[in-house]
Protein chains: 2
Amino acid sequence: MTSPIPTGLSRRELNKAATRQAIADAALALLRAKGAGAFTVEDIAEGAGVSRRTFFNYFPTLEAALASVVDSFLEHALIEFRKRPADESVLESARAALMALADPMAAAPMAELFSLTQDNRVLARSELEAWDNCTSKVIDAVRERLGSDTDELYLRALAGSVISCGKAAMTVWFEACGPDLSPASLSILRQQLINAMGLLGSGFATPANLPGSHHATSTSPSPERF
Amino acid sequence: MTSPIPTGLSRRELNKAATRQAIADAALALLRAKGAGAFTVEDIAEGAGVSRRTFFNYFPTLEAALASVVDSFLEHALIEFRKRPADESVLESARAALMALADPMAAAPMAELFSLTQDNRVLARSELEAWDNCTSKVIDAVRERLGSDTDELYLRALAGSVISCGKAAMTVWFEACGPDLSPASLSILRQQLINAMGLLGSGFATPANLPGSHHATSTSPSPERF
DNA sequence: CATGGTATTTACACTAAGTGCAAGTTTGCA
DNA sequence: TGCAAACTTGCACTTAGTGTAAATACCATG
């Protein structure tokens with residue numbers, strides 16, 4: 001039988017991917033329906049049409065299933081990063097790659113996860129892990145670009161800072177706009193990402209509480225919370 | 001009986017602190033003796049002479065008891081940071097505060113934890129949480145210094161980057177020197193911390209794959225590379 | 001120093017996480 | 001077609017983490 005789509009993946013691999021996705025989807029659906037911490041692995045497994053044991057074949061913990069949203073969100077940016085020309089500065093590439101995150105399709109699940117897990121400690125831990133994971137991947141990508149003899153401290157400090165700044169931009173954006181994905185809101189996100197990379201590139205030299213600062217950030221002292 | 005030490009703490013508070021420390025110590029001792037993941041909360045409680053339930057009154061998880069080592073390590077640096085003059089640049093204060101970490105007394109438990117948990121992902125998660133926790137505290141400290149009207153993005157991006165760079169320096173140092181706490185090794189750690197802050201302050205402008213790579217310099221000027 | 005109020009510890013019971021194992025089912029391949 | 005490898009499942013088991021109520025330790029009174 002010839003596969004209708006000439007994909008390089010075997011049926012086994014397709015099935016696995018589908019199962020994994022089904023589990024992640026079921027987890028997110030339950031998060032939506034019941035709120036954080038109000039459902040079990042068994043519930044997720046049932047929702048995904050799979051046994052409890054199989055759940056654990058795919059994800060080590062319940063939170064990991066939810067954090068897979070963050071994973072694919074960040075993976076998205078990483079792919080963009082690798083597409084950038086090798087002679088571009090790392091920070092410029094990072095800026096460009098992060099722009100991909102301000103896309104409705106990419107940001108939607110992430111923003112939803114953000115809004116649903118604001119106050120959950122356990123879940124936050126898995127999110128941290130996802131960001132950290134991404135940092136490792138950025139380190140690899142940058143090393144690949146700059147050569148394997150690049151100073152290890154430079155690599156790690158740079159990658160860590162880029163991710164921290166990306167995270168900061170996301171956090172500030174979300175606190176200002178909430179799960180709003182309108183073009184206006186996403187434009188603010190883009191601007192925050194650009195600003196964050198700018199701060200990093202300038203060594204945080206600009207005292208940001210000075211009057212200058214003609215950014216699109218007149219939203220920052222916004223008194224409204226949502 | 002008058003208390004021999006005129007401390008302002010009640011016996012209750014002293015007992016609590018002692019119990020907490022006993023639990024953390026017992027956890028670290030077990031980690032040393034049996035290795036990561038080879039002992040239970042019950043073991044720790046027994047080692048600390050306390051009931052299992054009491055353990056959970058002090059720490060939410062087993063890993064948290066071990067990560068308390070990281071907590072107090074970072075707390076140490078934070079205290080130094082707050083001691084710095086308010087008109088100093090944040091990066092300079094951070095550099096000075098991080099120097100406190102290259103002290104045998106402070107670094108010893110941390111280095112040991114590092115070497116004992118290299119390959120444990122559950123434990124790594126709690127360490128991540130400790131660093132993240134510290135980031136929040138740095139944000140507060142910096143906001144306190146620069147005024148509450150400081151741009152939130154600036155605060156978060158700066159604090160996150162500083163912590164990332166500190167972490168990078170620790171990681172690189174540990175990978176190079178292992179748990180060695182000799183003056184020579186600690187001097188390397190200090191230099192890595194200085195270099196990391198220098199990179200941050202210069203916007204990562206220095207192409208690090210240049211020959212000499214002894215960039216203890218180029219800290220002060222901030223070339224607007226963006 | 002007795003006495004009562006409050007904080008802390010403990011035992012017990014319970015739900016749910018996570019893992020090892022062996023048997024069943026599906027897929028890939030010759 | 002049939003076999004080997006990968007995947008799924010059920011079952012049993014240990015441990016994490018939490019609620020509750022009784023017991024114990026601390027602290028302030030008179």
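Letters go in sequence order (proteins before strands), and every chain restarts at 1.
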How long is the line joining [atom1] of [X] and [atom2] of [N], in whole Å?
{"X": "A/Leu30", "N": "C/dA16", "atom1": "CG", "atom2": "C1'", "value": "15 Å"}
{"X": "A/Phe59", "N": "C/dG18", "atom1": "CZ", "atom2": "P", "value": "13 Å"}
{"X": "B/Leu62", "N": "D/dT18", "atom1": "CG", "atom2": "C1'", "value": "16 Å"}
{"X": "A/Glu42", "N": "C/dG18", "atom1": "CD", "atom2": "P", "value": "14 Å"}
{"X": "B/Lys16", "N": "C/dA7", "atom1": "NZ", "atom2": "P", "value": "10 Å"}
{"X": "B/Ile23", "N": "C/dT8", "atom1": "CD1", "atom2": "C1'", "value": "12 Å"}
{"X": "B/Asp43", "N": "D/dT15", "atom1": "CG", "atom2": "C1'", "value": "11 Å"}
{"X": "B/Leu66", "N": "D/dA16", "atom1": "CG", "atom2": "C1'", "value": "15 Å"}

Problem - Below 4.0 Å: OP1/OP2 of D/dC26 and any side-chain N or O of B/Asn15 - result: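 Answer yes for this pair, as a side-chain N or O of B/Asn15 is under 4.0 Å from OP1 or OP2.
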Handout entry: Short side-chain N/O contact to C/dT9 OP1/OP2 from B/Tyr58, under 4.0 Å
Key = yes
Practice task
Taking the side chain as every heavy atom from C-beta outward, state whether A/Ile188 and A/Cys177 have any pair of such atoms under 4.5 Å apart.
Solution key: yes
Handout entry: pair B/Pro179-B/Glu112: side-chain heavy atoms closer than 4.5 Å
Key = no
Exercise for the section: Could you tell me whether A/Lys137 sits above the aromatic face of A/Phe81, with NZ or CZ closer than 6.0 angstrom to the six-membered ring centre and within 45 degrees of the axis? Expected result: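 Here A/Lys137 fails the 6.0 Å and 45° test against A/Phe81.
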Practice task
Could you work out which one of D/dT8, C/dA17, D/dC7 sits closest to the side chain of A/Thr19?
Solution key: D/dT8
Exercise for the section: Using a cut-off of strictly less than 4.0 Å between a heavy atom of the residue and any atom of DNA chain D, enumerate the qualifying residues of residues 44-57 of chain B by number. Expected result: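 Under 4.0 Å from DNA chain D: B/Arg52, B/Arg53, B/Phe56.
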Exercise for the section: Would you give the length of the straight line joining atom CG of B/Leu158 to atom CG of B/Leu200, rounded to the nearest 0.5 angstrom? Expected result: 7.0 Å
Exercise for the section: Could you tell me whether a side-chain N or O of A/Arg125 sits under 3.5 Å from a main-chain N or O of B/Ser126, the two making a donor and an acceptor? Expected result: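 Absent.
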Practice task
For the pair A/Arg156 and A/Glu152, find out whether any cationic side-chain nitrogen is under 4.0 Å from an anionic carboxylate oxygen.
Solution key: yes
Practice task
Before accepting this row, confirm whether a basic side-chain N of the pair B/Glu144/B/Arg82 lies closer than 4.0 Å to the acidic partner's carboxylate O.
Solution key: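 Looking at B/Glu144 and B/Arg82, the cut-off is met.
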